[in-house]
Amino acid sequence: MIEGDGIGPEIAQSVKDIFAAAKAPIKWESVDVTPQLKDSRTVIPDKAIDSVRTNFVALKGPLATPIGKGHVSLNLTLRRTFNLFANVRPCKSIAGYKTPYDNVDTVLIRENTEGEYSGIEHVVVDGVVQSIKLITKEASERVLRFAFQYAEDVGRRKVRAVHKATIMKMSDGLFLNTAREISKDFPTIDFDAELLDNTCLKIVTNPEPYNDKVLVMPNLYGDILSDMCAGLIGGLGLTPSGNIGDECSIFEAVHGSAPDIAGKSLANPTALLLSSIMMLQHMGLNEHADKIQSAIFATLAEGKALTGDLGGKAKTHEYTSAIIQHL
């Protein structure tokens with residue numbers, strides 16, 4: 001358990017209380033990932049790295065990146081440290097929280113290690129900066145194969161690659177061609193592809209045609225599109241996320257650390273709770289995952305104990321207690 005900063009400890013406590021009430025067979029090992037500067041690089045403490053590698057799975061609250069020279073995003077540092085190559089973001093409408101869109105149910109899988117976020121930038125001449133987008137066949141194949149396997153495992157019928165190969169013919173072209181090759185290994189899954197701008201336009205016009213699909217895409221597109229899809233269902237406070245690697249996986253709430261409300265029992269733990277359910281499913285503890293998820297959805301649908309961001313007046317611990325009552 002990486003509790004994180006700001007509201008992190010409060011929402012982490014909600015997860016612990018609910019897991020205890022549900023008798024989930026999880027023993028928490030809390031680790032501190034406060035960054036250290038080592039040879040001018042931001043690194044995670046060795047103790048935290050050893051804990052994640054020993055346990056194979058971690059649940060992470062929000063982390064604030066320290067402002068100052070030499071510090072990069074802690075979330076990015078974690079992904080690179082453990083080579084978490086696939087970011088999985090389900091977006092599913094929640095009964096009891098009305099948005100302009102009903103019945104949204106799609107999954108986005110984002111390549112997590114390269115693309116425009118490779119950090120290869122330099123000044124060509126004064127006033128001209130070049131940023132290099134890196135796409136490799138190996139990383140593309142790894143995330144695409146995961147996307148098809150994920151679709152097969154959870155019973156989704158179609159995988160769609162989202163790209164801009166019309167403009168970036170070589171880089172996105174490599175990603176798209178690799179997707180076509182890998183689709184041949186999964187004959188039961190339908191495969192197609194769509195331009196990123198078309199996806200953005202169509203999904204906010206009517207998201208229902210994207211239900212039962214797994215959308216897979218390079219890093220930058222996934223970063224933007226996954227947050228946009230979170231907006232369809234009510235925002236990052238209701239959106240779970242998992243970062244999957246070959247050796248270990250980290251499940252996380254992707255919202256901010258909200259230092260302005262920290263310690264006031266105003267935080268909404270739903271995103272971390274739903275991420276913890278993804279973690280249980282990843283571990284094969286589906287019975288416990290289903291039980292806790294049903295209690296969360298029942299509490300949200302009932303609408304009596306909602307936190308302020310969901311239009312209610314309940315404190316964090318009151319919302320947690322309501323979920324435990326539904327258990």
Side-chain angles (χ1 to χ4, degrees), residues 2 4-5 33-46 48-49 52-53 58 60 62-89 108-144 146-147 161-165 167-176 178-179 196 216-228 230 236 241-257:
I2 301 166
D5 307 314
V33 293
T34 302
Q36 301 170 343
L37 273 180
K38 190 175 179 181
D39 302 327
S40 301
R41 290 189 309 119
T42 303
V43 294
I44 306 295
D46 290 341
I49 292 172
V52 176
R53 289 215 165 112
K60 183 182 83 63
L63 289 175
T65 299
I67 297 170
K69 194 171 182 183
H71 283 302
V72 296
S73 162
L74 268 180
N75 296 309
L76 195 60
T77 304
L78 279 169
R79 286 173 203 156
R80 286 179 176 166
T81 301
F82 298 108
N83 199 15
L84 305 174
F85 64 85
N87 177 240
V88 184
R89 290 275 290 271
L108 281 84
I109 295 180
R110 160 190 173 191
E111 199 290 317
N112 226 3
T113 63
E114 53 179 33
E116 289 86 348
Y117 292 179
S118 302
I120 311 169
E121 293 188 311
H122 58 266
V123 176
V124 181
V125 293
D126 199 27
V128 180
V129 174
Q130 188 175 53
S131 180
I132 296 173
K133 170 177 175 170
L134 182 73
I135 296 274
T136 65
K137 179 157 181 141
E138 182 184 8
S140 300
E141 186 168 333
R142 185 171 57 179
V143 75
L144 286 160
F146 174 80
V162 179
H163 66 94
K164 282 296 288 185
I167 307 298
M168 283 164 275
K169 292 181 169 60
M170 294 181 74
S171 55
D172 280 23
L174 174 61
F175 187 86
L176 181 57
T178 305
L196 173 68
V216 59
M217 62 210 76
N219 203 336
L220 174 66
Y221 311 154
D223 189 12
I224 296 166
L225 195 56
S226 60
D227 277 11
M228 192 177 82
L236 296 177
S241 173
N243 292 293
I244 311 298
D246 284 326
E247 294 177 9
C248 52
S249 299
I250 298 178
F251 299 84
E252 64 176 341
V254 289
H255 55 67
S257 58

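Sequence positions, counted from 1, serve as the residue numbers for this chain. As the structure is a computational prediction, the values presented were derived from the model and not from experiment.
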Close side-chain approach of Leu225 to Arg110, heavy-atom, < 4.5 Å: no
Please report the interatomic distance CG(Leu134) to OG(Ser171), rounded to the nearest 0.5 Å. 9.5 Å
So, for Glu116 and Leu220, which heavy atoms are closest and what is the spacing to 0.1 Å? OE1-CB, 3.3 Å
Donor-acceptor pair, distance only, cut-off 3.5 Å: does the side chain of Glu114 make one with the backbone of Thr136? yes
Give a yes or no on whether the backbone of His163 and the side-chain of Asp172 come within a donor-acceptor separation of less than 3.5 Å. no
Locate the shortest heavy-atom distance separating Gly242 from Phe251; write the atom from each residue and the value. CA-CD2, 3.6 Å
Closest heavy-atom pair and its distance - Gly115, Ser118: O-OG, 2.8 Å
With no hydrogens and no angle check, do the side chains of Asn83 and Glu247 hold a donor and an acceptor under 3.5 Å apart? no
Please tell me if the side chains of Asn219 and Lys133 come closer than 4.5 Å, counting only heavy atoms from C-beta onward. no
What is the minimum heavy-atom distance between Asn243 and Arg79, and which atoms define it? OD1-NE, 3.8 Å
Is the backbone of Thr113 close enough, under 3.5 Å, to the side chain of Glu111 for a donor and an acceptor to pair up by distance? yes
Going by heavy atoms in the side chains, are Val216 and Phe146 under 4.5 Å from each other? no
Exercise: identify the closest heavy-atom pair between Ile109 and Ala147: CD1-CA, 3.7 Å
Quick one: does Arg142's side chain get under 4.5 Å of Asp246's, heavy atoms only? yes
Applying side-chain contact (heavy atoms from CB on, under 4.5 Å) to Leu78 and Leu63, what does each step give before you reach the verdict? CA-CA 11 Å; Leu78 279 169; Leu63 289 175; 3.8 Å; yes
Would you indicate whether the side-chain heavy atoms of Val88 and Ile244 approach each other to under 4.5 Å? yes
Do Asp223 and Tyr117 make a side-chain contact, defined as non-hydrogen atoms from C-beta onward lying under 4.5 Å apart? yes
Could you state the interatomic distance from CG (Leu144) to NZ (Lys137), rounded to the nearest 0.5 Å? 10.5 Å
Minimal heavy-atom distance between Ile135 and Pro218, with the atoms involved, is CD1-CB, 4.2 Å
Cut-off 3.5 Å, side chains only: do Ser241 and Asn87 have a donor facing an acceptor? yes
